[in-house]
A.B. asks: 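Please see the structure below; I have some questions.
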Amino acid sequence: MTTAPVVGRLGWQDAVVERVLHRTSRVASLFLNTTLGAHEAGQHLDVKLTAPDGYVAERSYSIASAPGDRSIELAVERLENGEVSPFLTDDVQPGDTLEVRGPIGGHFIWRAQDGGPLLLIGGGSGVAPLMAILRHRLAVAPDTTTLLAYSARTWEELIFRDELLIAAASDARLNLIVTTTREGRHRPGDYERRFDRESLREILRNWGAIPAHAYVCGSTPFVEAVASALVDNGIGSSVIRTERYGGVA
């Protein structure tokens, strides 16, 4: 499995919040107007907050918008006892200014020339960079065979749920599998347990494609479990790219 390389640090710039969209009870999308350079699908931004006493906190957030979109979308999940996320999800308003730098990352990106079949597996807010890839694919390479397997605790906590359902219903080359780990399934063919070796084996068998690229994003335990399960199911480690948030498992 590939791991993220160390990247050079970029300068901080101001970004104006154009719009705030609350996607779930815990997740808000911030749409930023910036003078940053163009990003690629799968990259992220750093956000810096400075308190009145000079205390500084920095966090990284994946970009959910497609390359070329007018504004940059960050989907931020509010974490209990978080230093940064509660402010971003609950207090930030249109017209506010944030300090950001980026775009950052050359490891987790997907370009049209990379082709497919494309396997995307996300847990919780780990779906954000996968949305950038899906949206980019739709814009520039809609014939790319793609499967998104998305895990959330409940149906209501599926970020981008309506957009994903509409996309899957209208795109014969896009498969969407959802698992909700704390309630029953809502659609035939979905799951109600964590992704593991057995469920992923079944999902891959039903999909019928062999992924040329697999992208896995979520919490550290989620990513480690899914990546190991993919290898156990015959997906070469060189095919798998991972992005994780949180500490070491």
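Note that the numbering runs from 1 along the sequence shown for the chain.
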A.B. asks: Side-chain heavy atoms under 4.5 angstrom apart, residues restricted to Ile, Leu, Val, Met, Phe, Trp, Tyr: same cluster for Val20 and Leu74?
C.D. replies: yes
A.B. asks: For Leu45, is there any backbone N or O sitting under 3.5 Å from a side-chain donor or acceptor partner on His39?
C.D. replies: no
A.B. asks: Checking Thr35 against Gln13: is there a side-chain donor and acceptor pair closer than 3.5 Å?
C.D. replies: yes
A.B. asks: According to side chain to side chain contact (heavy atoms under 4.5 Å, CB included), who are the partners of Ala167, at least two apart in sequence or on a separate chain?
C.D. replies: Leu174
A.B. asks: Kindly assign one of parallel, tilted or perpendicular to the pair Trp155 and His186, based on the angle between their ring planes and the thresholds 30° and 60°.
C.D. replies: parallel
A.B. asks: Roughly how far apart are Ile72 CD1 and Thr34 OG1, rounded to 0.5 Å?
C.D. replies: 4.0 Å
A.B. asks: According to the salt bridge (Lys or Arg N to Asp or Glu O under 4.0 Å) rule, which pairs have a member within residues 209-219, sequence neighbours left out?
C.D. replies: none
A.B. asks: Could you name each residue pair satisfying salt bridge (Lys or Arg N to Asp or Glu O under 4.0 Å) that touches residues 126-142, not counting sequence neighbours?
C.D. replies: Glu73-Arg135, Arg135-Glu163, Arg137-Asp171
A.B. asks: Answer yes or no: is there a donor N or O on one side and an acceptor on the other, between the side chain of His136 and the main chain of Ala66, under 3.5 Å?
C.D. replies: no
A.B. asks: For Ala225, is there any backbone N or O sitting under 3.5 Å from a side-chain donor or acceptor partner on Ser228?
C.D. replies: no
A.B. asks: Under 3.5 Å, side chain of Asn233 to main-chain N/O of Leu204, donor-acceptor pair present?
C.D. replies: no
A.B. asks: How long is the straight-line distance from OH of Tyr215 back to CD of Glu243, given to the nearest 0.5 Å?
C.D. replies: 11.0 Å
A.B. asks: We want to know whether Ser29 and Arg23 form a side-chain donor-acceptor pair, criterion being a heavy-atom distance below 3.5 angstrom.
C.D. replies: yes
A.B. asks: Between Asp196 and Ala229, which heavy-atom pair has the shortest distance, and what is it?
C.D. replies: C-CB, 4.0 Å
A.B. asks: Can you measure from CZ (Arg101) to NZ (Lys48) and round to the nearest 0.5 angstrom?
C.D. replies: 7.0 Å
A.B. asks: For Asp90, give me all partners under side-chain hydrogen bond (donor to acceptor under 3.5 Å, both in side chains), at least two apart in sequence or on another chain.
C.D. replies: Arg78
A.B. asks: Taking atom CG of Leu119 and atom CG of Leu148, what is their separation to the nearest 0.5 Å?
C.D. replies: 9.0 Å
A.B. asks: Measure from the side-chain N and O atoms of Asp53 to the backbone N and O of Tyr55, and report whether any donor-acceptor pair falls under 3.5 Å.
C.D. replies: yes
A.B. asks: Drop me the distance from Tyr150's OH to Leu164's CG, to the nearest 0.5 angstrom.
C.D. replies: 7.5 Å
A.B. asks: Treat each ILVMFWY residue as a node, draw an edge where side-chain heavy atoms are under 4.5 Å apart, and state whether Leu200 and Phe222 are in one component.
C.D. replies: yes
A.B. asks: Has the side chain of Tyr191 got a donor or acceptor atom that lies under 3.5 Å from a matching backbone atom of Ile177?
C.D. replies: no
A.B. asks: Which heavy atom of Asn33 sits nearest to which heavy atom of Glu18, and what is that distance?
C.D. replies: CB-OE2, 3.2 Å
A.B. asks: Taking salt bridge (Lys or Arg N to Asp or Glu O under 4.0 Å) as the cut-off, I'd like each qualifying pair that reaches into residues 175-186, sequence neighbours left out, listed once.
C.D. replies: Arg185-Glu192
A.B. asks: Give a yes or no on whether the backbone of Val47 and the side-chain of Glu58 come within a donor-acceptor separation of less than 3.5 Å.
C.D. replies: no
A.B. asks: Tell me whether Ser85 contacts the main-chain N or O of Gly82 through its side chain, where contact means a donor paired with an acceptor under 3.5 Å.
C.D. replies: no
A.B. asks: Return the minimal non-hydrogen interatomic distance between Asp143 and Arg173, and the atom names on each side.
C.D. replies: O-CD, 2.9 Å
A.B. asks: So, Asp190 side chain and Val178 main chain: donor-acceptor pair closer than 3.5 Å or not?
C.D. replies: yes
A.B. asks: Among side-chain atoms of Asp46 and Ser60, is any donor-acceptor pair under 3.5 angstrom?
C.D. replies: yes
A.B. asks: Backbone N or O of Asp114 within a donor-acceptor pair of the His213 side chain at under 3.5 Å?
C.D. replies: yes
A.B. asks: Answer yes or no on whether Arg19 is positioned over the face of Phe31, meaning its NZ or CZ is under 6.0 Å from the six-membered ring centre and within 45° of the axis.
C.D. replies: yes
A.B. asks: Distance-only check: which donor-acceptor pairs under 3.5 Å involve side-chain atoms of residues 123-133, not counting sequence neighbours?
C.D. replies:
unit_1 : atom_1 : unit_2 : atom_2 : d
Ser125 : OG     : Glu77  : OE1    : 3.1

A.B. asks: Might you point out which heavy atoms bring Ser151 and Thr181 nearest each other, and give the distance in Å?
C.D. replies: OG-CG2, 3.8 Å
